Amino acid sequence: MSKKIVVALGGNAILTDNASAEAQQAALRKTAKYLVQFVENGDNLIISHGNGPQVGNLLLQMAGGSTAKNPAMPLDTDVAMTQGSIGYWMQNAMDEVLSEKGIDKDVATVITQVEVGADDPAFTDPTKPVGPFYSKEEADKQKAEHPDFVFVEDAGRGYRRVVASPRPTGVKEYRVINHMVADGIVPISVGGGGVPVVKEGNRLAGREAVIDKDFASEKLAELVDADTLIILTAVDNIYVNFNKPDQKKLENVTVAELKKYIDEGQFAKGSMLPKVQAAIEFVENSNNGKAVVTSLENVDKFLSEGAGTIITR
């Protein structure tokens, strides 16, 4: 029986920074080869991805232009723009690999709006750095032009704007994504954590925020009733006592065990912790679903041997 699987791509799956178009295509083609294995396995695949370097580059480009004649776009629009561009690259890579394997299946990108609470505490305590570094004078000038912006000094490298990173409460297009899966289409969705929006009466209004793509992927997996949420990262497994002589690889682990490890401070806040938290939330809120944390390069072993860190109740 086919399974519905949400795969959240890590940063290493999408080439970053100032790579050439050829290098970008080669990286995504490599990623697509791994992802197509799920299709070959008979699974219904939903792809999500990050956008940190890409949205950062977009903000740098806008900062380098004339904002007097061409005002910079708001952050929610920037996220939508990178959803479109990364989705375009990923669609082409997936189409190419599917065609080579003789698989007749469509891939399509959904510009996805992810709902957050207007009263989320993150809006009063912005912590996520975005955009370029500024001198103190440049940051003060930006602050004068944009009173709502918050800037912080970043480890002696200059000042950067910080924005909220609220938790997702819903995914506007989840029913569309479910219809696509039912029709045999591979959706690419909640890119970059999704466009952050809040409900204002009968409309959704964008917000200057960045949503963690693992939490957004979890919320989507929950809403589409996925069987499995797979979070791909740089390592094949989650470890405790990582990089210490007594480090231990986690293979099959329960939610209760992971919560104990969180209480022990085993997972770094900026890297593995949100992945572990997202995995826990999915397992707790799904209908007997499981979560997997592993690497892109380990996908074949996961499919053939069940390798990786498997999280269950």
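Quantities reported herein were computed from a predicted structural model and do not represent experimental measurements.
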Would you give the length of the straight line joining atom [atom1] of [X] to atom [atom2] of [Y], rounded to the nearest 0.5 angstrom?
X      : Y      : atom1 : atom2 : result
Ser286 : Leu223 : OG    : CG    : 12.0 Å
Tyr134 : Lys143 : OH    : NZ    : 13.0 Å
Arg207 : Asp76  : CZ    : CG    : 9.0 Å
Asn237 : Lys248 : CG    : NZ    : 12.0 Å
Ile262 : Phe267 : CD1   : CZ    : 6.5 Å
Lys199 : Lys172 : NZ    : NZ    : 9.5 Å

Tested for side-chain contact (heavy atoms from CB on, under 4.5 Å) against Pro126, the lone hit among Val210, Val150, Val152 is Val150
Look at the side chain of [X] and the backbone N and O of [Y], then say whether any donor-acceptor pair between them is shorter than 3.5 Å.
X      : Y      : result
Gln113 : Gly194 : no
Glu208 : Leu75  : yes
Gln266 : Asn241 : yes
Ser99  : Glu96  : no
Asp154 : Arg157 : no
Ser189 : Pro187 : no

Using the six-membered ring of Phe133, assess whether NZ or CZ of Arg160 lies under 6.0 Å from its centre and within 45 degrees of the ring axis. yes
Given the ring of Phe151, does Arg161 sit roughly above its face, with NZ or CZ under 6.0 Å from the centre of the six-membered ring and within 45° of the axis? no
Looking at [X], I want to see if its [atom1] is surrounded by more than 12 non-hydrogen atoms of other residues, nucleotides or ligands under 6.0 Å.
X      : atom1 : result
Arg175 : CZ    : no
Asn202 : CG    : no
Asp183 : CG    : yes

Which heavy atom of [X] sits nearest to which heavy atom of [Y], and what is that distance?
X      : Y      : result
Gly191 : Val79  : O-CG1, 4.0 Å
Val299 : Tyr34  : CG1-O, 3.8 Å
Ala279 : Ile231 : N-CD1, 4.3 Å

Contact between [X] and [Y] at the side-chain level, heavy atoms closer than 4.5 Å - yes or no?
X      : Y      : answer
Ile5   : Ile46  : no
Val292 : Thr228 : yes
Ile311 : Leu258 : yes
Val293 : Val276 : no
Ile238 : Lys249 : no
Thr309 : Thr294 : no
Pro196 : Ile211 : yes
Ile310 : Lys290 : yes

Shared hydrophobic cluster, [X] / [Y] (ILVMFWY, side-chain heavy atoms < 4.5 Å):
X      : Y      : answer
Val110 : Ile185 : yes
Ile177 : Ile111 : no
Leu204 : Val190 : no
Leu220 : Ile230 : no
Val224 : Val181 : yes

Does a side chain donor of either [X] or [Y] reach within less than 3.5 Å of an acceptor in the other side chain?
X      : Y      : answer
Asp300 : Gln37  : no
Lys4   : Asn178 : yes
Ser2   : Asp43  : no
Glu257 : Thr254 : yes

Could you go through the salt bridge (charged side-chain N to carboxylate O under 4.0 Å, His left out) check for Arg29 and Glu100 one step at a time? CA-CA 12 Å; Arg29 177 182 166 82; Glu100 286 176 356; 2.9 Å; yes
Kindly assign one of parallel, tilted or perpendicular to the pair Tyr239 and Phe242, based on the angle between their ring planes and the thresholds 30° and 60°. tilted
What's the verdict on side chain to side chain contact (heavy atoms under 4.5 Å, CB included) for Met90 and Thr31, showing C-alpha distance, side-chain angles and the deciding distance? CA-CA 9 Å; Met90 182 64 69; Thr31 295; 4.2 Å; yes
Let me see the working for Gln83 and Thr109 under side-chain hydrogen bond (donor to acceptor under 3.5 Å, both in side chains), right down to the final yes or no. CA-CA 8 Å; Gln83 278 191 3; Thr109 300; over 6 Å; no
Before giving the answer on side chain to side chain contact (heavy atoms under 4.5 Å, CB included), spell out for Lys105 and Asp95 the whole-Å C-alpha distance, their side-chain angles and the decisive distance to 0.1 Å. CA-CA 8 Å; Lys105 184 172 280 286; Asp95 286 343; over 6 Å; no
Do NZ/NE/NH1/NH2 and the carboxylate oxygens of [X] and [Y] come within less than 4.0 Å?
X      : Y      : value
Arg167 : Glu281 : yes
Lys259 : Asp263 : no
Lys101 : Glu40  : yes
Glu138 : Lys141 : no
Glu264 : Lys260 : yes
Glu218 : Lys275 : no

Full working for side chain to side chain contact (heavy atoms under 4.5 Å, CB included) between Lys301 and Asn298: CA-CA 5 Å; Lys301 288 185 178 180; Asn298 202 45; 3.5 Å; yes
Apply side chain to side chain contact (heavy atoms under 4.5 Å, CB included) to Met94 and Leu45, showing your working. CA-CA 12 Å; Met94 289 289 293; Leu45 177 64; 4.3 Å; yes
